[in-house]
Each structure stands twice: as C-alpha cells, then as structure tokens.
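Reckoned from all heavy atoms, side chains included, excluding hydrogens, waters and symmetry mates. For clarity, every value in this text was computed on a predicted model and none was experimentally measured.
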Amino acid sequence: MTRLKLAILISGRGSNMEAILEAARDPAYPAQPVLVLSNRPDAKGLETAAAAGIATAAIDHKTYGKDREAFERAMHEQLTEAGVEIIALAGFMRVLTPWFVNTWEGRMVNIHPSLLPKYKGLDTHQRALDAGDTEAGCTVHWVSPGVDDGEIIQQASLPILPGDTADSLAARLLPVEHRLYPEALTKACAEIQTRA
Ligand code: GAR
C-alpha cells in the first residue's frame, strides 16, 4: 500500500497535529506527513513538528491583507511542491475561500469540536452548555464550501457533567479528539484510495 502524502494545517498549539504525527510513526499508517503549514509564524505546533523531523512552513495571512485568495495561492504552491495528496486541518482558524476548497475537494478533512450539524463556527462548548445538552463531542468531516458543513466521516461524544464549563469541557474533549482524528483520517485515506 502506498501512503498518501499528508499536509497538516495548523494555527496554534497543534495537539491534534501531534496525535496524527504519533499515529503516522507506524509505517502501516496510510498517510505520511510531509508538511506542517501554519498561517501564524509563532504557532507552537511548528516547533513540535520540526522537532519530530517534519518539514514546516509558515505563511502569514496578515501579509496578504484582505486578499484571501493570494494567501491561499501561496499555500497551494507549497502544498503542490511537497506533492501533498491529502490535507488535514487541525485547529486551522482561517475560513477558506470556495476557490481553495474546490481545488482540494475530496482531499481535505477537518476536525470540529462539536457534534455536527450542531454548533458550526465558534464557541461550540458554551453553546452546548447554554442549550442544556447532555452530551458534547467532536466531528471529523470532509471540507466543503460551507463552514463546518461537509460530509461527516466520524464522530465521538462524551457526557456533559454537572458543573462543566466551556473550559472543562474543552479539556476533557481534547484527548477524545486525539483518538478520533488519526482513526478518521485512516478512513478518509481509504476512501481516496478506493476512488483512485
Ligand atoms: C481543537 O479543539 C479543534 O477541534 C479546534 O481547535 C482546537 C485546536 O487545538 N478546531 C476548531 O475550532 C476549528 N473550527 P490543537 O491546535 O491543539 O489541535
């Protein structure tokens, strides 16, 4: 089996990225990380990736002002130069234009900290608490032009406990995300390989 060349896009801490890199140390894992790219040059995750021996790149979106597509064309260039075949968004906090999403359609997945279709966008945990939900969770989905709107690949949930806050919920959910993402990415790779 050939491993798909994987880019992980981050904006900050990169703990989900780390979980994927860890899983991909197994030569039988279906994706091979070739690039970690951040829109923030100070993203902590870039250091973690470099320490793990993965090529990194920073493309500062601020340099491009309001021209989102110019920023994305710069990313696209790096991604194609690295021969990337699948992209995992892991805490990448830029909304992508239809141009970029369509260019990578069927080859780009995202993790979102809610049980989609509930709570697209930001403040997912506070919104789950405010709604009186009894469970929260996370979703890995294909990226489509609508925000947090693509076909669901896999979800994981956990109970909301009395006294939970948005912070406590986020902290309890994080290890759940770390288990879900590498597994869901395996499924995504299998789907791409089936199509090929
Ligand atoms: C994760 O909780 C991820 O689900 C969320 O950001 C965090 C990134 O943490 N993503 C989104 O909110 C996307 N809309 P990490 O940098 O440690 O992986």
> Given Val95 and Val147, is the side chain to side chain contact (heavy atoms under 4.5 Å, CB included) satisfied, shown in steps?
Replying inline: CA-CA 7 Å; Val95 173; Val147 174; 4.2 Å; yes
Out of curiosity, does [Y] fall in the hydrophobic cluster containing [X] (side-chain heavy atoms, cut-off under 4.5 Å, transitive links)?
{"X": "Ile153", "Y": "Val101", "value": "no"}
{"X": "Met17", "Y": "Leu46", "value": "yes"}
{"X": "Leu115", "Y": "Val143", "value": "no"}
{"X": "Trp99", "Y": "Leu79", "value": "yes"}

List the atom of [X], the atom of [Y], and the distance in Å for their closest heavy-atom pair.
{"X": "Val109", "Y": "Trp142", "value": "CG1-CE3, 3.6 Å"}
{"X": "Pro182", "Y": "Tyr29", "value": "O-OH, 2.6 Å"}
{"X": "Glu85", "Y": "Ile192", "value": "O-CD1, 4.4 Å"}
{"X": "Ala82", "Y": "Lys5", "value": "O-CD, 3.8 Å"}

>> Is the ring pair His112/His141 parallel, tilted or perpendicular, if the boundaries are 30 and 60 degrees?
In response: perpendicular
In Å and rounded to the nearest 0.5 Å, what is the [atom1] to [atom2] distance from [X] to [Y]?
{"X": "Leu37", "Y": "Ile59", "atom1": "CG", "atom2": "CD1", "value": "4.5 Å"}
{"X": "Leu174", "Y": "Asn16", "atom1": "CG", "atom2": "CG", "value": "6.0 Å"}
{"X": "Gln193", "Y": "Leu4", "atom1": "CD", "atom2": "CG", "value": "4.0 Å"}
{"X": "Ile87", "Y": "Phe100", "atom1": "CD1", "atom2": "CZ", "value": "4.0 Å"}
{"X": "Met75", "Y": "Phe71", "atom1": "CE", "atom2": "CZ", "value": "4.0 Å"}
{"X": "Leu9", "Y": "Arg94", "atom1": "CG", "atom2": "CZ", "value": "12.5 Å"}

Do [X] and [Y] touch side chain to side chain, with heavy atoms closer than 4.5 Å?
{"X": "Val34", "Y": "Leu6", "result": "no"}
{"X": "His125", "Y": "Leu173", "result": "yes"}
{"X": "Pro30", "Y": "Arg3", "result": "no"}
{"X": "Ile86", "Y": "Leu185", "result": "yes"}
{"X": "Ile111", "Y": "Leu89", "result": "no"}
{"X": "Leu96", "Y": "Met108", "result": "yes"}
{"X": "Gln155", "Y": "Cys138", "result": "no"}
{"X": "Leu21", "Y": "Ile54", "result": "yes"}

Under 3.5 Å: donor-acceptor pair, side chain of [X], backbone of [Y]:
{"X": "Arg13", "Y": "Gly91", "value": "no"}
{"X": "Thr56", "Y": "Ala50", "value": "no"}
{"X": "Asp67", "Y": "Ala70", "value": "yes"}
{"X": "Arg68", "Y": "Tyr64", "value": "no"}
{"X": "Asp164", "Y": "Ile160", "value": "no"}
{"X": "Ser38", "Y": "Ile10", "value": "yes"}
{"X": "Arg172", "Y": "Pro159", "value": "yes"}
{"X": "Thr139", "Y": "Ser114", "value": "yes"}
{"X": "Thr194", "Y": "Ala190", "value": "yes"}
{"X": "Asp148", "Y": "Gly121", "value": "yes"}

> Checking side chain to side chain contact (heavy atoms under 4.5 Å, CB included) for the pair Leu129/Leu169: CA distance, chi angles, key distance, verdict?
Replying inline: CA-CA 9 Å; Leu129 290 168; Leu169 205 46; 4.2 Å; yes
>> Is it the case that over 12 heavy atoms from other parts of the model lie below 6.0 angstrom from the CD atom of Glu77?
In response: no
>> Tell me if the CZ atom of Arg25 is crowded by more than 12 foreign heavy atoms within 6.0 Å.
In response: no
>> With a 4.0 Å cut-off on N to O distance, would you call Lys120 and Asp149 a salt bridge?
In response: yes
> Is it true that Asp133 and Arg127 make a salt bridge, defined as a side-chain N closer than 4.0 Å to a carboxylate O?
Replying inline: no
> Side chains of Glu151 and Ser144: do they bring a donor and an acceptor to under 3.5 Å?
Replying inline: no
>> Less than 6.0 angstrom from the centroid, inside 45 degrees of the normal: does Arg73 satisfy that with respect to the ring of Trp104?
In response: no
